[in-house]
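Below, read A as the first sequence line, B as the second, and so on, with proteins coming before strands; counting in each chain starts at 1. This one's a predicted model, so the numbers in the text were calculated from it and none came from an experiment.
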Amino acid sequence: MTAEQFLSSMAAQAVEALYGVKADPSTLQVSVTRKDFEGDYTLVVFPLLRISRQAPAVTAQAIGEWLTANCPEVSGFNAVQGFLNISLSNVYWRETLQDVTADASFGTLPSTGRRIMVEFSSPNTNKPLHPGHIRNNLLGSSVSDLLKAAGNEVIKATLVNDRGVHICKSMYAWEKLFDGATPESTGIKGDHLVGDCYVAYAKLEKEHPEVIDDVHRMLVKWEEGDPAVRALWEKMNGWVFDGFDQTYKALGISFDRTYYEHDTYLLGKELVQKGLDSGVFVRDPDGSVWCDLTADGLDRKLLLRSDGTSVYMTQDLGTAERRFAEYALDSHIYVVGNEQDYHFKVLKLVLSKLGFGWADQIYHLSYGMVELPEGKMKSREGTVVDADDLIEKMYQEARATSEASGKLDGIPEEEKDRLYRMIGLGALKYFILKVDPKKTMLFDPKESIDFNGNTGPFIQYTHARICSILRKASESGLDAAVADESVLSPKEVRLVKLIASYPQKVAEAAEALSPAVLANFSYDLAKEFNQYYHETPVLKEQDATTLAMRLSLLGTIARTLRSAMGILGIELPERM
RNA sequence: GGUUCCGUAGCUCAGCUGGAUAGAGCAACAGCCUUCUAAGCUGUGGGUCACGCGUUCGAAUCGCGUCGGAAUCACCA
């Protein structure tokens with residue numbers, strides 16, 4: 001139970017004892033006290049005036065007195081107008097610190113028993129990953145870990161878009177213009193080489209629009225299983241997958257299940273028949289099949305072309321049905337940009353019209369576009385900012401900053417390199433994940449590599465600082481422990497209060513599917529610690545009990561930061 | 001045109017299930033390293049929370065409208 005919940009229930013008792021009326025729980029609002037006022041938590045008494053029939057200050061005073069008299073955890077209060085500021089006792093905070101320290105699974109919520117599939121990344125094999133893809137990958141991966149921490153079983157899935165006209169375009173360009181070039185012969189990363197083919201094709205088609213007919217013939221051959229076309233397709237896809245694997249590895253991203261569109265693009269056709277039988281779908285005279293959604297405020301949606309081939313929606317209907325059956329899912333989350341809001345609205349609606357009860361367990365985690373300073377990026381015109389370049393640039397920047405400080409002098413090159421990667425990646429991940437997923441965000445490559453202020457490296461640095469102190473303490477044979485005699489300073493109480501709110505933050509973040517909640521929490525905690533650090537010497541403390549308590553507090557802060565940042569996929573170094 | 005989302009400091013973002021004087025970072029300026037890591041800390045300046053009306057004891061937060069921006073409405077994916 002959180003302190004807020006505890007005080008809210010105590011306040012309910014107070015109201016009943018004082019006024020003989022049970023207050024509606026929603027009228028007992030307890031929040032953290034603003035920092036310019038004395039107190040830990042604040043009860044807003046305005047909603048209770050109806051019951052007390054007294055002035056705000058009088059009501060606040062009465063409840064404050066009752067709580068102080070009847071609740072040992074409450075050490076004092078002050079009433080400012082309608083705000084009752086409550087202070088909790090030092091004993092309460094000391095016990096809270098003891099509880100958190102002893103709780104090995106602190107921050108991991110009890111099991112919900114729910115199994116959730118999270119689909120993300122779902123790359124197009126024509127295009128190297130750009131910042132929009134990075135946001136998708138980082139969000140998907142982080143939300144998966146977040147849902148795990150919130151007590152769910154999570155299956156990370158991706159659907160590789162490995163077939164279709166667009167792939168044939170790259171294949172066509174490669175055959176015509178690339179003279180047998182391979183990643184090995186050119187030294188170009190596989191996904192980039194194929195991306196170059198796609199760009200080259202776009203240019204070619206502009207000059208010779210008739211080449212599209214050749215591409216369509218190629219697609220027909222692919223569908224017929226023509227050995228030569230299939231062989232080329234497999235070869236080029238192989239290059240792309242090798243390239244993607246490298247990038248995924250660099251980003252620290254993995255999947256439990258990979259689906260390929262060439263396996264799934266025919267799914268959903270049976271559902272079309274089912275819809276026709278039940279009258280949910282209609283067939284037009286030309287043979288095309290539609291679902292009429294005008295009564296729901298949407299348009300008519302095509303589900304089967306007049307030539308009998310399926311569209312993207314058809315496939316999505318089929319894969320959703322298969323996944324819910326295959327994994328007995330309780331829920332399915334699609335991490336896809338908000339440009340596809342309409343698509344997912346239709347998907348859910350059509351599935352529920354088909355009678356699937358799980359249709360309302362489908363969630364579209366609709367994240368905002370990533371904009372670059374020069375305007376929206378267009379991969380067809382060649383990638384403006386590429387994921388691999390970006391990762392490399394962050395690494396270089398981390399190295400430069402670190403070498404300038406000289407703090408890592410004397411440790412092995414290999415270890416340094418690992419740290420540079422950790423820091424560069426931490427900066428990139430934090431920069432993207434600290435923003436509310438729903439919001440359109442601006443990605444300025446110049447600003448993203450800033451390592452000061454509200455950034456990943458700031459939190460990593462804070463962690464390294466703590467580790468440095470703990471290392472020195474350990475070398476001196478000092479132990480960390482919170483004794484019952486320990487007394488916490490106001491700053492220490494603030495830190496414990498923040499730490500104690502962590503499980504609640506995990507729950508909030510999971511509810512909102514927003515890793516940004518944890519990024520902000522981590523920043524607040526790190527900032528609070530740095531202030532504490534500057535005014536409170538730890539290792540020089542003369543009192544052994546206090547010193548041991550501080551070491552314990554530091555260890556708990558470090559652990560909490562590791563947990564929260566771990567959910568964002570960001571590692572924290574022990575030195576930097 | 002219909003629908004959906006967005007508009008908070010010069011810039012990037014918090015705050016939004018209604019609560020006290022709207023917060024950080026960056027950028028600018030002024031300080032702090034014989035003392036546990038200065039990737040840090042302290043201070044100064046910077047706001048009509050796009051605008052208007054409404055609901056409320058109380059609105060950045062909720063509702064309606066206006067203006068501005070974005071996305072989407074394909075026999076594309």
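When both pairing distances are held under 3.5 Å, B/U72 makes a Watson-Crick or G-U pair with B/G2. B/G40 is paired with B/C32 under the criterion used here, namely a Watson-Crick or G-U wobble arrangement in which both key atom distances are under 3.5 Å. Using Watson-Crick or G-U wobble geometry with both donor-acceptor distances under 3.5 Å, B/U66 finds its partner in B/A50. Pair assignment for B/C13 gives B/G23, based on Watson-Crick or G-U wobble hydrogen-bonding distances that are each under 3.5 Å. Across all strands shown, B/U56 remains unpaired; no Watson-Crick or G-U wobble contact has both distances below 3.5 Å.
For the side-chain hydrogen bond (donor to acceptor under 3.5 Å, both in side chains) condition, no pair includes a residue of residues 468-479 of chain A, sequence neighbours left out.
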Atom pairs under 3.5 Å: protein N/O with N/O of nucleotides 31-34 of chain B:
none

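Across the C1' atoms, B/A59 and B/C32 are found 41 Å apart, a figure rounded to whole Å. Comparing B/U44 with B/A27, their C1' atoms sit 15 Å apart, to the nearest whole Å. Comparing the same atom, C1', in B/A24 and in B/G69 gives a spacing of 25 Å after rounding to whole Å. For B/G7 and B/A60, the C1' atoms lie 12 Å apart once the distance is rounded to whole Å.
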Verdict with supporting geometry, A/Lys491 and A/Glu535, salt bridge (Lys or Arg N to Asp or Glu O under 4.0 Å): CA-CA 10 Å; A/Lys491 268 284 186 205; A/Glu535 60 190 53; 5.1 Å; no

Let me see the working for A/Ser366 and A/Val336 under side chain to side chain contact (heavy atoms under 4.5 Å, CB included), right down to the final yes or no. CA-CA 6 Å; A/Ser366 165; A/Val336 179; over 6 Å; no

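Salt bridge A/Glu571/A/Arg562: absent, no basic N to carboxylate O contact under 4.0 Å.
Look at CD on A/Gln340: it is 13 Å from C1' on B/A74, rounded to the nearest Å. Between the P atom of B/A38 and the CZ atom of A/Phe529 lies a distance of 11 Å, rounded to the nearest Å. B/C5 atom P lies 9 Å from atom CG of A/Asp341, rounded to whole Å. Taking atom CZ of A/Phe458 as the reference point, atom P of B/A38 lies 13 Å away to the nearest angstrom. Distance A/Leu372 CG to B/U12 P: 13 Å, rounded to the nearest Å. A straight line from CG of A/Asn338 to P of B/U3 spans 18 Å, rounded to a whole angstrom.
For the pair A/Lys472 and B/U37, the criterion of a side-chain N or O lying under 4.0 Å from OP1 or OP2 is met.
Side-chain contact of A/Ser288 with A/Ser306: a donor-acceptor pair under 3.5 Å is absent, judged by distance alone. For the residue pair A/Ser501 / A/Gln504, no side-chain donor-acceptor distance below 3.5 Å is found, with atom types taken as modelled. If you check the side chains of A/Arg34 and A/Asn85, you find no donor sitting under 3.5 Å from an acceptor. Inspection of the A/Asn126 and A/Ser170 side chains reveals an N or O donor paired with an N or O acceptor under 3.5 Å. Residues A/Thr158 and A/Thr258 have side chains that never bring a donor and an acceptor to within less than 3.5 angstrom of each other.
In plain terms, the two heavy atoms of A/Leu139 and A/Pro515 that are nearest each other are CD2-CD, 3.9 Å.
Looking at the side chain of A/Val311, the nearest of the listed nucleotides B/C41, B/A77, B/U37 is B/A77. Nearest to the side chain of A/Leu442, among B/U12, B/C41, B/C36, sits B/U12.
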Output one letter per nucleotide in nucleotides 16-22 of chain B: B when a protein non-hydrogen atom lies under 4.0 Å from the base, S when only the sugar-phosphate is that close, - when neither is. B--BBS-

